[in-house]
A.B. asks: 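Have a look at this one.
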Amino acid sequence: MAQDKILTMKKTDLLEAVKIAKKGTHCGMCKVDFLGSGVCPAGKKNGFAAYWPEGRMEIVKALYSDKIKPTEELKKIANSCTVCGICDKQCNFTTHLRPEKVAKALKEFVNRLDDTDFEKIPEDKTLNQLRMIVGEKWATNDPAIIVSYTKTIITPNAGVNFYVVMPKTTEEVAEVVKYAVNNNIPYMPRGNGTLLAMFIETLLAKAVTLEKGIIFDLRRLKELKIDEDNKTATIGAGVTAFELQKEAYKHGLRALVAEAEAHLCVNIASVGIISTWGNTYGWGSDNFINATLIDSKGNIIHHNDEDLVNPYSTNNSFTNLTLTPSTIITEANVKLHQIFEDEEAVLVPFENLDKALDLALELAKRNIGLSLAVLSSKYLSEFICPTNEIANDFDFIAKNYLKFNYVVDVVCDKYDKKIIAELADVIIDQKMMKTLILGSPRFASLKNSEFFKILSEEKNPLKAIFAGPMRVHLEKALDPSPKQVAKIYDEDVHDFFEKVYSRPEMTDVVWLHAFRILPSRLMRQRMFMLRGGYIIADKKKIIDLNNMLNKIGDKYKLSNALGFISFLENGKFAFVEYDYYFDHLDSDSHNRLNQAIVETLQLELKIKGLLPIEYVFHKGLFRKEHLFYPMPKGLSDDELKILGEMVQTVVGG
Amino acid sequence: MTNFLSIKTFNNEIYINFYLEDTILGVEMTSHKVLALEKTSFKGALEIAKKGTHCGMCRFDFLGSGVCPAGIKKGFLAYWPQGRMEIVKQLYSGRIKPTEKLKDIVQSCNLCGFCDKQCNFTTQLRPEKVARALKEYVESLNESDFLQVPEDDIVKGLRKIVGEEWATNDPVIISSYTMTIIPKDKELNYYIVMPENEEQVSKIVKFANKNNIPYQPRSGGTAFSAAAPTILVKGISLEKGIIIDMYRFKKLEIHPESQTATVGAGITMFELQKEALKHKLRALAAEAGAHVCSNILTTGIISTWGNKYGAFADNFIDLTTIDQEGNILKHSDWERKNPYSTEPGFTNLCLSPNVIVTEAVVKLHPVWDDEKAVLVPFDNIRDAYRLLIKLGKREVGLSLAVLSRKYLAEFLSPTLQISKDFNYVCKNFLKLNYVVSVICNKDEKKVLEEMVDYTIDEALMKSLILGAPRFSDLRDSEFMKILSEEEDPLKSIFAGPMRNHLEKALDPSPENVAQVFDKDLQDFFKKIYSKPEMTDIVWLHAFRILPTRMMRQQMFMGPGASMWTDDEDHYINWIKMFDEMGEKYKLEHSLGFISPLDHGKFAYMEYDYYYDHNNPDECERISKSLIESMKKTLIMGKGLTILNYLFKGIYRKEHVLYPIPKAISKEEEDLFDELIDTVLGD
Amino acid sequence: MKFLSDEWIETAKRITDEKLDPERDLKKATTSLLNIIENIPPDGIRIYFYISVKNGKIIDMLLDKTGSLLDKDAEFVVTGNYDTFVQILKGEMSTLIALIKNRVKIKGDKVKAFKFVKSIDKLNSCLKEIETEF
């Protein structure tokens with residue numbers, strides 16, 4: 001019987017693939033040509049998540065767990081893969097996974113099935129209507145496609161009672177929304193899904209996802225036009241930060257972006273762009289001239305419309321918690337900024353957060369630096385190091401030998417650099433950063449070296465290693481080169497990665513800050529959840545917050561560390577991202593994480609002057625003046641109780 | 001028609017004409033009452049009053065020496081020095097005749113002399129003489145000379161809302177508002193009302209609408225007074241109806257935790273700045289006498305601090321406004337119509353406020369311990385502009401601007417004559433034509449000093465301020481003649497050996513400055529000029545008590561507005577255009593200042609034309625130059641004219657300054673001409 | 001006759017037909033304008049006054065108190081107080097001044113509206129000749 005055949009096959013063909021797929025964390029990098037080596041041609045052509053490497057990984061898991069049965073569409077999906085290997089390069093760079101194996105396995109599995117094994121999907125009136133709006137190709141209710149959206153807008157338990165539409169224009173989006181509203185069908189838009197992927201791993205999953213209805217995949221809204229006169233860019237909701245930045249740079253301009261793979265419009269709408277450039281470039285509505293959205297009735301609205309109900313105002317009351325968007329952003333006219341010829345990266349290492357903040361706050365308030373942040377050495381290690389192990393090694397060395405726990409990370413012009421040089425004891429310059437990046441595989445060897453043991457006995461090891469005579473020794477010991485780094489990858493991609501790391505951008509810290517292809521490393525084969533939010537930039541407050549989050553992380557036995565602290569409004573406010581790392585495949589980890597999330601949120605809400613990230617969610621189109629002024633006073637126990645009840649209803653049982 | 005008394009002189013005879021119900025009874029009368037009018041005190045007072053330009057500095061205590069107590073107590077403009085001066089003019093021209101209220105007005109003045117100090121500092125006028133003359137005039141009148149002004153339904157209705165004493169239809173009081181919201185020659189068909197909270201304003205607006213009466217708010221009135229002698233008066237003035245004087249909105253609260261301040265519509269910039277400084281904070285600085293709320297609405301606050309502190313809506317957290325239906329709305333209300341957006345384009349022209357701003361929550365910024373003023377002198381505009389934009393794009397400086405020589409002269413010099421001497425010396429001998437004025441912290445100062453050859457430091461600025469009277473001597477000095485033969489006189493004087501000579505020649509001291517003032521005030525001004533603020537460039541940029549010197553006994557019109565900066569030639573040509581306009585219309589003219597905005601993307605420029613506001617021919621030429629320069633700006637493109645800038649301060653700059661204005665087409669040029677015709681045709 | 005009475009409208013139609021030249025005065029325009037006049041004494045009622053023009057010739061001049069004229073979807077809708085309209089008609093205030101002083105609010109393409117300002121002034125000066133009781 002066909003069923004048995006399938007069963008047997010599952011166990012052998014798909015098992016390896018499933019193992020790989022499970023490790024995937026939906027970083028979304030396979031959708032972006034960040035290595036200049038191309039993107040999945042099938043995905044580009046066919047659009048739906050299922051046709052991308054990320055999607056194939058979800059499909060394989062769903063097939064294995066019997067969540068879906070094979071369909072005709074599945075056949076198309078599986079065979080659309082040309083086994084070109086582009087995804088392997090991208091994924092390997094970010095997470096060391098090999099998605100091509102998954103795609104191959106899927107292909108083989110599907111091609112061994114009989115025609116009778118494929119389920120037919122019945123006619124559907126809704127689907128027909130949707131197809132009339134967006135075209136035959138661009139609306140579907142096929143389970144294989146639907147299931148590829150798991151964990152980026154729907155939960156693993158959500159079933160397949162969905163439609164996915166890929167409209168091309170604002171008007172099409174509006175029409176679909178109208179249809180949905182008139183027929184009482186719920187709907188939700190999806191960017192690249194990375195932010196949601198993070199939240200779906202937590203107890204907020206139900207609250208942020210769609211339980212049934214229409215998924216808007218906005219990928220096809222690809223308008224991208226740079227207006228040199230106005231120094232702005234018009235972008236559709238399907239344009240990623242990387243794509244915009246690449247285009248902007250051609251004109252000598254820079255966009256305010258967060259992660260490279262994020263769909264910029266959606267990123268703006270969901271969190272207002274939280275990045276290290278915020279002190280200079282702003283937050284929220286600072287970032288755009290105009291935005292086009294579809295409201296909950298299907299009307300097309302523009303932020304510059306005088307008759308529109310006030311699109312810029314909101315409040316930060318604890319009852320104003322928005323976990324799903326009420327509008328769909330389809331287009332934005334974002335600002336671009338001048339790039340100066342003499343920009344440089346300057347990093348100042350510190351042992352303790354106190355001193356790091358002293359410097360960072362001084363710089364923030366004086367508007368020194370274009371990009372400015374405090375990073376933990378853990379965060380820095382994730383960026384510099386090509387694998388988790390190497391990152392651990394770097395972290396070990398930093399903590400134990402160098403007393404290097406934090407760094408003030410600045411991108412600035414030559415004038416600001418001079419100012420920083422006078423304020424800082426030790427500077428890690430661009431050249432040293434290049435050495436660290438290209439010599440990172442050698443960190444392991446340094447762990448037990450005599451050289452480093454001597455170093456750790458120095459009074460000021462940081463000074464000695466980065467500014468003193470030991471520097472030369474370090475450079476020798478690391479033996480930095482593209483070839484060196486390339487070696488840590490799988491053998492068949494050595495050559496490729498040697499070429500990649502030979503490119504100047506890969507060690508250009510300024511470029512890396514602008515193109516941000518590295519943050520997704522935080523998601524390599526494990527997940528993380530961010531805590532913290534916007535806080536009044538007071539040193540004591542920030543340190544207390546950091547300590548509290550650290551304490552709770554430890555309490556629940558989660559690997560944890562400060563991520564970064566960036567600034568806003570001439571150093572008036574700070575954004576603190578504190579990260580809890582966990583194994584997304586382990587249910588006990590999830591439990592502990594969720595408990596940590598709840599407890600930290602409760603404690604955060606009691607802090608005067610702190611707006612937790614949950615309350616910034618879906619407020620990115622508003623004026624920061626209406627969100628951050630005044631900052632919350634901190635909740636009383638009674639108010640906390642009310643909130644708890646509110647959240648219960650939202651989060652579900 | 002009511003009685004109308006007109007006094008005219010003709011062939012040294014005095015004629016008093018009574019106009020009673022449209023019949024004329026000409027009665028020839030020479031009484032000592034009337035002769036009193038001829039006395040020098042009234043004539044002299046009139047001369048003083050005519051020179052006044054409604055700078056409004058008498059309404060707040062910027063010298064720390066007190067403010068008109070009558071004005072504070074009674075509120076209406078008539079009780080202020082500014083108002084008394086206007087009343088004298090109105091009485092003389094016969095537009096009004098004495099009423100009962102006039103008695104109260106003159107009685108309220110106790111001749112304390114506060115106004116003399118303030119006015120003399122700014123304009124060298126003596127308003128107390130005017131107040132005195134008015135008192136004497138009133139004393140010379142009989143009881144029967146005073147008109148009774150009955151209550152009408154409208155003023156009754158207004159009094160019901162604000163209380164008996166805060167609404168009036170008295171012609172004398174009303175006439176005092178001439179040139180600061182009332183045009184010169186309209187019939188005085190107005191009411192003045194002084195509410196103290198939003199609800200009252202809302203009720204007044206609803207009342208006005210119901211009774212089909214136009215209304216308009218008035219705060220400091222200085223923007224109006226600058227525009228009033230020109231063609232703009234048609235668009236900005238109230239032709240009849242209710243004047244809502246916002247003076248009584250006196251809320252002023254500083255919130256140190258959020259670094260913001262709540263200010264009511266009656267609070268001046270100076271008062272806010274003073275209060276903020278107590279907490280080591282600073283507000284985005286408009287002119288000292290500007291009312292903060294009104295200035296936000298009218299211009300979004302134009303200052304030299306805009307690149308750092310923001311422009312338009314960047315500057316405030318929230319506004320409380322009353323719309324044209326009388327609804328009280330805040331910018332933070334979620335349910336209201338979008339308050340942040342407006343249409344771009346030159347047809348979006350709005351010369352009267354479409355809302356009344358009653359309260360604003362504005363941002364405050366930290367004052368640093370190490371702030372310094374650095375001025376970089378230039379002989380040509382292009383180099384100055386280039387440095388300005390470079391600094392602007394790199395966000396160097398808290399305050400950043402190019403000032404012209406003339407502008408600098410007006411600020412530094414205590415009298416009009418001295419400013420002319422300063423201007424002469426700088427132009428002919430020093431080739432000091434422009435300065436880039438920067439206020440920054442010590443690190444940026446170093447950066448700046450590395451960028452340029454030499455600077456004018458604070459010590460030298462102090463010498464220039466306290467030695468300004470000596471500029472007239474310098475005009476003919478050998479020293480200057482020698483200096484002018486140097487290849488780089490600027491360098492010699494500011495960075496070279498000549499500096500000591502200059503400081504010696506200036507002989508700077510508070511005494512010397514005080515000498516230029518009237519003898520009886522010299523002691524007072526010596527004390528004033530001994531105060532550190534008076535020579536503290538940072539303080540002066542933040543408190544801005546000097547801009548009104550541009551209005552000392554002369555008027556100025558400052559068109560310009562904002563232009564994109566990337567194309568240097570384009571910007572310089574734009575400045576040249578204003579220069580040519582000045583030449584064409586034979587007006588005294590000069591660049592005022594240029595200051596960057598929005599990361600140096602734009603720069604706001606004020607170009608100034610000076611004129612005698614009492615000379616109708618000059619007023620006409622000013623109007624023409626305004627129209628033509630506006631048209632040329634639109635034809636050039638990439639710029640926003642001053643008229644398109646007005647009353648947009650409550651919006652986001654993204655909705656006002658973007659998209660970059662395209663040069664107008666021929667069709668649009670014709671439309672512009674047509675529109676001007678309809679305005680002029682009136 | 002009384003302002004905005006039926007009689008007045010009839011006179012207005014006649015006089016504009018006679019005196020206004022479609023090309024010189026109304027620029028051969030094709031457009032429609034709805035005036036919403038508020039706060040009319042003594043009861044503070046609202047009157048809708050609709051004018052449509054085709055190729056410079058006035059086609060419709062309609063008056064209504066019910067609001068049904070809103071359905072005509074006029075290209076421009078101008079709203080203001082009774083007093084403002086009176087001032088404009090009397091020639092005391094030009095249309096443009098009324099616009100830039102915010103005495104009237106206008107809905108519709110503002111740039112286009114400005115092109116018609118002169119024509120509206122011509123229309124008003126024509127209507128001014130009617131002996132009107134306000």
Side-chain angles (χ1 to χ4, degrees), chain A residues 227-232 280-282 285-290 301-315 320 333 335 337-338 340 342 365-368 370 412-416 418-420 422-423 536 538 569-572 608-609 622-626 628-631 633, chain B residues 255 257-260 308-310 313-318 329-344 361 363 365-366 368 391 393-398 440-444 446-448 450-451 564 566-567 598-601 638 651-655 657-660 662:
Chain A
D227 180 340
E228 266 201 32
D229 283 333
N230 279 300
K231 292 218 182 64
T232 56
T280 313
Y281 299 156
S285 65
D286 292 335
N287 192 30
F288 58 82
I289 310 301
N290 197 11
I301 60 181
H302 304 279
H303 263 53
N304 66 354
D305 183 352
E306 295 167 62
D307 291 324
L308 188 62
V309 173
N310 198 353
Y312 289 107
S313 184
T314 184
N315 69 86
N320 188 6
N333 189 227
K335 289 188 196 173
H337 308 271
Q338 170 122 15
F340 297 100
D342 57 346
K365 289 187 198 297
R366 288 171 184 270
N367 268 139
I368 293 173
L370 299 158
C412 59
D413 65 15
K414 65 174 187 271
Y415 301 107
D416 282 346
K418 278 206 183 122
I419 297 175
I420 297 172
E422 288 192 19
L423 295 170
I536 291 178
D538 168 83
E569 191 86 306
N570 297 337
K572 222 170 181 173
K608 180 171 179 202
F622 298 117
R623 285 208 328 146
K624 62 183 185 293
E625 286 75 15
H626 292 311
F628 299 130
Y629 288 86
M631 279 298 237
K633 288 200 182 56
Chain B
H255 313 289
E257 337 79 58
S258 57
Q259 292 189 344
T260 56
K308 185 67 184 268
Y309 294 165
D314 294 338
N315 185 38
F316 58 80
I317 309 301
D318 202 3
L329 296 167
K330 286 192 169 173
H331 267 48
S332 57
D333 292 338
W334 325 316
E335 322 259 283
R336 61 164 297 166
K337 276 208 290 187
N338 193 355
Y340 286 104
S341 184
T342 188
E343 263 184 46
V361 180
K363 288 188 195 174
H365 310 271
W368 299 96
L391 295 174
K393 286 194 193 289
R394 285 165 190 269
E395 304 200 47
V396 174
L398 300 161
C440 57
N441 58 44
K442 68 179 187 316
D443 296 316
E444 289 177 323
K446 273 198 217 144
V447 166
L448 185 54
E450 284 181 28
M451 282 188 195
W564 288 67
D566 258 3
D567 186 343
D598 197 6
H599 305 284
K601 239 172 173 170
K638 297 193 184 170
Y651 304 120
R652 284 197 339 137
K653 66 181 185 293
E654 287 76 17
H655 295 308
L657 299 175
Y658 294 79
I660 185 170
K662 290 199 168 55

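The chains referred to below are lettered A, B, ... by the order of the sequence lines, with proteins before strands, and numbering in each begins at 1.
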A.B. asks: Against chain B, label A:D305 side chain, backbone, both or neither, depending on which of its atoms sit under 4.5 Å from a heavy atom there.
C.D. replies: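 The backbone, not the side chain.
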A.B. asks: Do B:K393 and A:D413 sit within salt-bridge range, that is, some charged N less than 4.0 Å from a carboxylate O?
C.D. replies: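 The answer is no: the pair does not qualify as a salt bridge.
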A.B. asks: Evaluate side chain to side chain contact (heavy atoms under 4.5 Å, CB included) for A:T280 paired with A:H337, printing each intermediate quantity in order.
C.D. replies: CA-CA 10 Å; A:T280 313; A:H337 308 271; over 6 Å; no
A.B. asks: May I ask you to decide whether A:E422 forms a salt bridge with B:K446, counting only side-chain N to carboxylate O separations under 4.0 Å?
C.D. replies: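 Yes, A:E422 and B:K446 are salt-bridged.
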A.B. asks: Which bit of B:D443 is near chain A, if near means a heavy-atom gap under 4.5 Å: side chain, backbone, both or neither?
C.D. replies: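 When you check distances to chain A, atoms from both the backbone and side chain of B:D443 fall under 4.5 Å.
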A.B. asks: Just give me the residue among A:D538, A:L370, A:N304 that pairs up with chain B most often, heavy atom to heavy atom, under 4.5 Å.
C.D. replies: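 Greatest number of close heavy-atom pairs with chain B: A:N304.
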A.B. asks: Flag the pair B:P339 / B:L329 as yes when at least one side-chain heavy-atom distance between them is below 4.5 Å, and no otherwise.
C.D. replies: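 In short, these two side chains do not touch, never coming nearer than 4.5 Å.
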A.B. asks: Shorter than 4.5 Å, heavy atoms on both sides: which option in A:Y312, A:Y629, A:Y281, A:F628 has the most such pairs with chain B?
C.D. replies: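 Sorted descending by pairs with chain B, the first entry is A:Y312.
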A.B. asks: For chain B, find which of A:G609, A:C412, A:P630, A:S285 contributes the most heavy-atom pairs closer than 4.5 angstrom.
C.D. replies: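 Looking at each of A:G609, A:C412, A:P630, A:S285 in turn, A:S285 comes out on top.
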A.B. asks: Counting heavy-atom pairs under 4.5 Å with chain A, which one of B:Y658, B:Y651, B:Y340, B:W564 comes out on top?
C.D. replies: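 Counting heavy-atom pairs under 4.5 Å, the top option is B:Y340.
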A.B. asks: Under a 4.5 Å heavy-atom cutoff, which of B:A313, B:P366, B:C440 has the most pairs with chain A?
C.D. replies: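 Among B:A313, B:P366, B:C440, the one with the most close pairs to chain A is B:A313.
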A.B. asks: For A:F622, which residues count as a ring pair (Phe, Tyr, Trp, His ring centres under 6.0 Å) partner, sequence neighbours excluded?
C.D. replies: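 With neighbours one apart ignored, the set is empty.
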A.B. asks: Quick check for you: among B:M451, B:K653, B:E335, which has the greatest number of heavy-atom pairs under 4.5 Å with chain A?
C.D. replies: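 Between B:M451, B:K653, B:E335, the count favours B:M451.
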A.B. asks: Which one, B:K330, B:E257, B:R652, B:K601, leads in non-hydrogen pairs under 4.5 Å with chain A?
C.D. replies: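 Looking at each option in turn, the highest pair count goes to B:R652.
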A.B. asks: Less than 4.5 Å apart, side chain to side chain, heavy atoms only: is that true for A:S313 and B:D333?
C.D. replies: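 A:S313 does not reach B:D333 side chain to side chain.
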A.B. asks: Find the one option among B:G310, B:S258, B:S341 whose heavy-atom pairs under 4.5 Å with chain A are most numerous.
C.D. replies: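 Ranked by contacts with chain A, first place is B:S341.
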A.B. asks: Looking at A:R366 and B:E444, is any side-chain nitrogen of the basic one under 4.0 Å from a carboxylate oxygen of the acidic one?
C.D. replies: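 Result for this pair is no, no salt bridge flagged.
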A.B. asks: Chain B heavy atoms under 4.5 Å from A:T314: which part of the residue, side chain, backbone, both or neither?
C.D. replies: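 Just its backbone gets close to chain B.
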A.B. asks: Side chain, backbone, both or neither: which part of A:I419 has a heavy atom under 4.5 Å from chain B?
C.D. replies: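 Looking at A:I419, just its side chain touches chain B.
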A.B. asks: To the nearest 0.5 Å, tell me how far A:I301 CD1 sits from A:D307 CG.
C.D. replies: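 The CG atom of A:D307 is 12.5 Å from CD1 of A:I301, to the nearest 0.5 Å.
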A.B. asks: Go through the structure and list residues passing salt bridge (charged side-chain N to carboxylate O under 4.0 Å, His left out) with A:K624, not counting sequence neighbours.
C.D. replies: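 Residues passing salt bridge (charged side-chain N to carboxylate O under 4.0 Å, His left out) with A:K624: A:D286, A:E569.
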A.B. asks: Please state whether the side chain, the backbone, both or neither of A:Q338 comes within less than 4.5 Å of a heavy atom of chain B.
C.D. replies: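 When you check distances to chain B, only side chain atoms of A:Q338 fall under 4.5 Å.
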A.B. asks: Please rank A:D416, A:N315, A:L423, A:I368 by heavy-atom pairs under 4.5 Å with chain B and give me the top one.
C.D. replies: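 Answer, by heavy-atom pair count under 4.5 Å with chain B: A:N315.
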A.B. asks: Just so I understand: if I count every heavy-atom pair under 4.5 Å between each of B:K638, B:E395, B:E343, B:H365 and chain A, which residue has the most?
C.D. replies: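 The answer is B:E343.
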A.B. asks: Side chain, backbone, both or neither: which part of A:K365 has a non-hydrogen atom closer than 4.5 Å to chain B?
C.D. replies: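 Both the backbone and the side chain of A:K365 come within 4.5 Å of chain B.
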A.B. asks: Where do A:K608 and A:M631 land on the side chain to side chain contact (heavy atoms under 4.5 Å, CB included) test, with the steps shown first?
C.D. replies: CA-CA 8 Å; A:K608 180 171 179 202; A:M631 279 298 237; over 6 Å; no
A.B. asks: Select, from A:L308, A:N333, A:T232, A:N290, the one with the greatest count of heavy-atom pairs under 4.5 Å involving chain B.
C.D. replies: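 Looking at each option in turn, the highest pair count goes to A:L308.
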A.B. asks: Going through the distances and angles, do B:D598 and A:K231 end up as a salt bridge (Lys or Arg N to Asp or Glu O under 4.0 Å)?
C.D. replies: CA-CA 12 Å; B:D598 197 6; A:K231 292 218 182 64; over 6 Å; no
A.B. asks: Go through the atoms of B:T260 and report whether side chain, backbone, both or neither lie under 4.5 Å from a heavy atom of chain A.
C.D. replies: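 Just the side chain, heavy atoms under 4.5 Å.
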